[in-house]
Participant: 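Just dropping this structure here.
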Amino acid sequence: MNRARRAAVLAACFAFAACGSPADTELTVFAAASLTDVLVEVETAYENGNPGIDLVIATDSSAGLRTQIEEGAPADIFLSADTANPEGLAEAGRTEGDPVDFAGNSLALVVPSANQAGIQSPADLATDGVQVIAAGPEVPITEYVAEVIANLAGLPDYPDGFAEAYAANIVSEEENVRAVLGKIELNEGDAGFVYQTDALASDDVAAIEIPEEANTNALYAGCVIADSDHLEQAEAFLAWLAGAEGQAILGEFGFVAP
């Protein structure tokens, strides 16, 4: 090998060593705020089992994330705390295939650990002066809470005007369910509805039992975004999450099968 050729080969070798292996495939996952904790474990498990895949996760209100996708934000996968937002994207032709149900949840009523308002049951949410922290009107949990409040109002031991009194006690509306949880943890409100998995994840709140007949089930659905540059990889991840391995991890954090 002549000197010039040898130099070229060595240069190529050094360049390869400096660059390392080919770049990973990044999958951007837009996910509901209530999935924040479980997705840390999901990310580790999936990347360990699928070398070359790098999950980039962004969490917020499902409704807010849907809006970002509609405005062109570069996402590969959308994991929502409801079915309506993924279905809306699908109806608009923004998804590759139909949404996939991947988890279920229920609601929890939480108070600060000190429970300064002395709340003993959901009925106390109608007491004058109780400060309720709620999510904004577009956040999926708000619709679930409305169903729970209507169910509670129909119970025989709940006072007339319960739903109206509860609504009058709402002092703030937060951008996502984790913001609701955060305010309760910081004693910035007396009570708020979050998901059961959020309540389980916090050491700074106490859960007040919701009558079983009044609670509701939240169904989570995911979809692959049609504009993704990695459709095959995105579909594989969503199938994994809805499959046995993903379900096992979701179950560890309190989610149930859809």
Side-chain angles (χ1 to χ4, degrees), residues 27-44 46 55-71 73-89 99-112 132-148 170 172-186 188-189 191-205 207 216-223 225 237-238 241 246 249-256 258:
L27 292 180
T28 299
V29 181
F30 279 13
S34 53
L35 293 165
T36 299
D37 294 325
V38 69
L39 286 180
V40 174
E41 186 71 20
V42 164
E43 179 180 8
T44 299
Y46 194 75
L55 297 180
V56 179
I57 297 170
T59 58
D60 204 342
S61 160
S62 298
L65 293 171
R66 172 187 171 179
T67 298
Q68 291 182 43
I69 292 169
E70 290 173 333
E71 293 176 349
D76 299 294
I77 300 149
F78 176 41
L79 304 177
S80 183
D82 65 359
T83 60
N85 281 299
E87 287 171 356
L89 289 176
V100 175
D101 299 339
F102 67 90
N105 212 338
S106 58
L107 267 60
L109 175 62
V110 294
V111 299
V132 175
I133 307 298
E138 300 301 320
V139 182
I141 196 172
T142 300
E143 184 173 342
Y144 297 132
V145 171
E147 184 178 343
V148 169
I170 295 175
S172 72
E173 294 181 340
E174 305 302 316
E175 62 184 8
N176 60 56
V177 70
R178 277 308 176 96
V180 175
L181 181 66
K183 282 205 166 185
I184 300 301
E185 289 175 326
L186 294 172
E188 294 180 1
F193 285 98
V194 297
Y195 294 110
Q196 178 68 21
T197 51
D198 296 307
L200 291 172
S202 177
D203 295 326
D204 298 318
V205 300
T216 189
N217 294 318
L219 185 59
Y220 288 53
C223 57
I225 305 305
F237 169 75
L238 187 55
L241 187 65
I249 296 173
L250 287 161
E252 291 173 5
F253 285 78
F255 292 92
V256 297

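Everything numeric here is computed off the predicted structure, so don't read it as measured data.
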Participant: Under the 3.5 angstrom rule, does the side chain of N105 hit a backbone N or O of F255 as a donor-acceptor pair?
Facilitator: no
Participant: Closer than 3.5 angstrom, by distance alone: can the side chain of T142 be matched with the main-chain N or O of A135 as a donor-acceptor pair?
Facilitator: yes
Participant: Rounded to the nearest 0.5 Å, how far apart are CG of D101 and CG of L219?
Facilitator: 4.0 Å
Participant: Evaluate the side chain to side chain contact (heavy atoms under 4.5 Å, CB included) criterion for residues L241 and L250: first the C-alpha distance (whole Å), next the side-chain angles of each, then the deciding distance (0.1 Å), finally the verdict.
Facilitator: CA-CA 9 Å; L241 187 65; L250 287 161; 4.2 Å; yes
Participant: Does the side chain of F78 come within less than 4.5 Å of I225's, by heavy atoms?
Facilitator: yes
Participant: Identify which one of D198, V194, V139, V145 satisfies the side chain to side chain contact (heavy atoms under 4.5 Å, CB included) criterion when paired with V180.
Facilitator: V194
Participant: Do T197 and V38 make a side-chain contact, defined as non-hydrogen atoms from C-beta onward lying under 4.5 Å apart?
Facilitator: no
Participant: Does CD belonging to E87 count more than 12 external heavy atoms closer than 6.0 Å?
Facilitator: yes
Participant: Under the ring pair (Phe, Tyr, Trp, His ring centres under 6.0 Å) rule, collect the residues that match up with F30, sequence neighbours excluded.
Facilitator: none
Participant: How close do E174 and A179 get, counting heavy atoms only, and between which atoms?
Facilitator: CB-CB, 3.7 Å
Participant: For a 4.5 angstrom cut-off between non-hydrogen side-chain atoms, does I57 reach L35?
Facilitator: no
Participant: Just wondering, do V177 and Y144 contact through their side chains at under 4.5 Å, heavy atoms?
Facilitator: no
Participant: State, to 0.1 Å, how close S80 and D82 come at their nearest heavy-atom pair, and which atoms those are.
Facilitator: OG-OD1, 2.5 Å
Participant: So Y220 and P140, do their side chains get closer than 4.5 Å, heavy atoms only?
Facilitator: no
Participant: Looking only at heavy atoms, what is the nearest atom pair of L109 and A191, with distance?
Facilitator: CD1-CB, 4.1 Å
Participant: Residues two or more places apart in sequence or in another chain: which of them pass side chain to side chain donor-acceptor pair (under 3.5 Å) with S202?
Facilitator: E185
Participant: Give the minimum heavy-atom separation between S62 and N85, together with the two atoms involved.
Facilitator: CB-ND2, 3.9 Å
Participant: Answer yes or no: is there a side-chain heavy-atom contact under 4.5 Å between I133 and E188?
Facilitator: no
Participant: Side-chain contact test, heavy atoms from C-beta onward, threshold under 4.5 Å: evaluate it for S61 versus E138 and give yes or no.
Facilitator: no
Participant: Going by ring pair (Phe, Tyr, Trp, His ring centres under 6.0 Å), name the residues that satisfy it together with Y46, two or more places apart in sequence or in a different chain.
Facilitator: F237, W240
Participant: At their closest point, which heavy atom of L79 faces which heavy atom of I77, and how far apart are they?
Facilitator: CD2-CG2, 3.9 Å
Participant: I'd like to check R178 versus D37 (side-chain heavy atoms, cut-off strictly below 4.5 Å). Are they in contact?
Facilitator: yes
